[in-house]
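In what follows, every heavy atom counts, from backbone to side chain, and hydrogens, waters and symmetry copies are set aside. The chains referred to below are lettered A, B, ... by the order of the sequence lines, with proteins before strands, and numbering in each begins at 1.
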Amino acid sequence: MADTGVPVEERHPSTAAAAARERFGWRLFARPESGVIMAAVVIFLFFAIFAPRFLSVNVMSNILLLSAELGIVAVGVTMLMVSGEFDLSVGSVLGLGAGMVVVWLNAGWPVPLAILVALAVAAGIGTLNGLLVTRMQIHSLIVTLGGLMFYRAAVLAITGGFPIRLGEDYPFLELFNFWWGPIPGTFLWFVGFIVLFTIIITSTRFGNWVYASGGGREAANEMGVPVSRVKVLCFACASMLAASAGIIQMSRLNSVDALRGTALELEAVLAVVVGGALLTGGRGSIVGAALGVIMVSMIKQGLILMGIPAFWFKAGIGVVLILAAYINHRVQQATLQ
Amino acid sequence: MTAPAPDNGPPPRLSVRDISKSFGHVKALTNVSFDVMPGEVVGLLGDNGAGKSTLIKTLCGVHKPDTGGFVWEGEEVIFESPRHAMATGISVVYQDLAVIPILSIYRNIFLGRESEVCRKVAGISFMMKEKAKEIAADALSGLGIHVPDVESPVAVLSGGERQSISLARAVYFQHQLLILDEPTAALSLKETAKVLGYVDEARRKGASVIIITHNLSHAWQVSDRFVVLYHGGVADTVRKDEVDLDDLADLINTGRRNGERGVEEEAAA
Ligand SMILES: Nc1ncnc2c1ncn2[C@@H]1O[C@H](COP(=O)(O)OP(=O)(O)OP(=O)(O)O)[C@@H](O)[C@H]1O
Ligand SMILES: [Mg+2]
């Protein structure tokens with residue numbers, strides 16, 4: 001808007017309708033997802049035009065399949081980042097979740113029991129991360145970097161470093177590994193988690209506490225928000241979702257190997273930030289993160305279809321990340337100042 | 001040192017008993033005691049760094065006292081957390097306002113008090129957001145505070161407006177003790193008059209008030225009694241009819257009234 005030297009009130013005759021329209025536009029712009037929606041559309045159109053067969057059912061199915069497991073991890077990482085913390089151990093915990101279940105199933109445990117115990121172990125890991133951060137006041141990057149190494153070592157220990165296959169077929173695991181037409185079941189699980197955690201974070205008291213704990217720890221505490229408890233719970237959610245993703249992936253591949261989930265934590269952080277979350281907490285969206293994940297998968301798939309060497313994927317993603325972080329920062333400044 | 005409760009009168013709403021609090025080497029509070037009666041407005045005065053904010057943060061569970069404790073309506077308590085203090089009936093406007101700039105106005109208003117607009121389904125508290133927005137808008141306009149939209153982030157508000165939000169939230173919800181830590185620091189004359197009006201109204205409704213301010217004439221206008229902190233200790237507790245503004249200024253600056261021995265000398269004696 002050009003500066004005409006006329007006071008703002010006179011430029012806009014302040015009718016309620018105009019104000020409402022302006023507010024509506026402002027709100028749309030202020031949504032954390034706004035950037036990633038535009039980016040996803042642009043990238044989709046780009047590959048639709050330039051990548052051969054991008055618009056085929058097979059390729060779309062493959063993108064959904066690629067998205068699901070990273071996406072489930074990203075849901076938890078989003079919650080945690082909104083609460084103001086990081087988790088670098090999710091990749092290792094994903095591997096550990098899968099590893100534990102495979103080993104226990106091969107040892108003859110009933111499937112539901114193996115899954116429940118693995119999830120309980122993951123909850124314990126997340127709780128421990130949370131307690132180390134809130135009680136001992138160690139930064140979550142350090143705590144979970146330690147976790148990344150430790151739980152990766154644990155995966156190596158239980159698998160002996162070799163791929164392990166499931167000894168038999170388990171019908172129960174078809175709960176996670178099925179197709180609904182062209183849509184992979186794992187993607188439906190991903191959608192389920194998106195819906196569940198979006199409701200939790202936007203519409204419950206706990207969700208309000210998550211945003212408050214990340215947006216202003218001190219103020220939230222002064223107003224009676226149990227900040228430490230909230231953060232511990234978010235850590236537990238992140239670890240459990242990571243283990244869930246591992247179990248779901250294991251059901252699809254019928255196996256586990258010692259490197260399962262390696263470097264996933266960084267892709268998750270990337271998707272969450274691209275999806276509009278602030279590293280400092282208090283802002284972020286699960287739907288945004290999900291779109292970030294889908295965007296990453298589209299880029300992976302699209303570049304392959306175009307016959308571009310895989311290393312360009314990393315280069316491209318790196319650029320996208322920095323651009324996204326910059327845009328988020330600007331949006332944040334524009335709406336908050 | 002504590003003003004004794006009048007015989008047969010009601011018990012104090014709150015007794016502060018011998019509270020001490022240190023941060024590392026800094027002794028922020030030493031043996032602070034005083035009472036607050038129902039329906040009484042206490043002006044808590046003192047120089048910068050005297051320990052006023054530390055005292056109220058200890059009182060409402062942000063800090064744990066090193067020694068001493070509190071008696072709330074006849075029962076000994078230590079407030080374990082701000083949540084506990086809030087549930088007991090203490091409403092606070094913190095000096096730092098305790099608002100979260102990145103969150104919307106209505107979410108800030110219900111911060112920590114979400115239960116007021118929650119519906120429980122299967123043990124999970126769902127916030128009724130539309131109702132929360134309505135109540136927030138009503139609460140603000142009822143107090144004569146005008147914001148364009150309760151969904152905009154607090155970050156877009158001016159310093160004075162933020163202070164108004166913090167205040168509106170404290171006075172709107174049910175409370176027996178209202179604590180205001182420099183509630184008028186960023187406010188215009190008109191807004192300040194409003195705040196002092198709320199203090200009068202709170203007293204009329206039987207609530208007790210502790211108000212911290214560096215503006216002696218404001219303190220004088222609304223308080224029934226003054227507690228003056230000096231270097232972390234209580235320099236004196238005086239009723240309004242016992243002193244004049246000059247005495248208060250002396251107490252704040254030197255820890256004693258003209259011609260009296262100060263706390264430190266008394267302690268030494
Ligand atoms: N969290 C803390 N950690 C360390 N020292 C603190 C902390 N809070 C307060 N202090 C110290 O305690 C003393 C009292 O501070 P306090 O904030 O209570 O003063 P105040 O009377 O509220 O002053 P002002 O009028 O400037 O607000 C100061 O010396 C301060 O540096
Ligand atoms: Mg202070």
- Item | Over all atoms of both residues, closest heavy-atom pair of M223(A) and M86(B) |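 It is O-CE, 3.1 Å.
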- Message: I need the minimum non-hydrogen distance between R83(B) and V225(A), along with the two atoms involved.
- Response: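 Residues R83(B) and V225(A), closest heavy atoms: NH1-N, 4.5 Å.
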- Item | Criterion side chain to side chain contact (heavy atoms under 4.5 Å, CB included) against E222(A), the qualifying member of L111(B), V92(B), D96(B) | D96(B)
- Structural part of I200(A) lying under 4.5 Å from a heavy atom of chain B: neither
- Query: Can you pull out the residues in residues 166-180 of chain B with any heavy atom less than 4.5 Å from chain A?
  - Reply: R169(B)
- Item | OH/Y326(A): more than 12 non-hydrogen atoms of other groups inside 6.0 Å | no
- Could you tell me whether K27(B) atom NZ has more than 12 heavy atoms of other residues or ligands within 6.0 Å of it? no
- Message: Nearest 0.5 angstrom please: I102(B) CD1 to L278(A) CG, how far?
- Response: 5.0 Å
- Query: Looking at G214(A), P226(A), A212(A), which one has more heavy-atom pairs under 4.5 Å with chain B than the rest?
  - Reply: A212(A)
- Sub-4.5 Å side-chain heavy-atom contact between I100(B) and Y211(A): no
- If you tally heavy-atom pairs under 4.5 Å against chain A, which of S81(B), G112(B), A98(B) wins?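 When all of S81(B), G112(B), A98(B) are compared, A98(B) has the most.
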- Message: With chain A as the partner, which of K129(B), K57(B), M128(B), R119(B) has the greatest number of non-hydrogen pairs under 4.5 Å?
- Response: K129(B)
- Segment of Y94(B) engaging chain A (4.5 angstrom heavy-atom cut-off):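 Only the side chain of Y94(B) comes within 4.5 Å of chain A.
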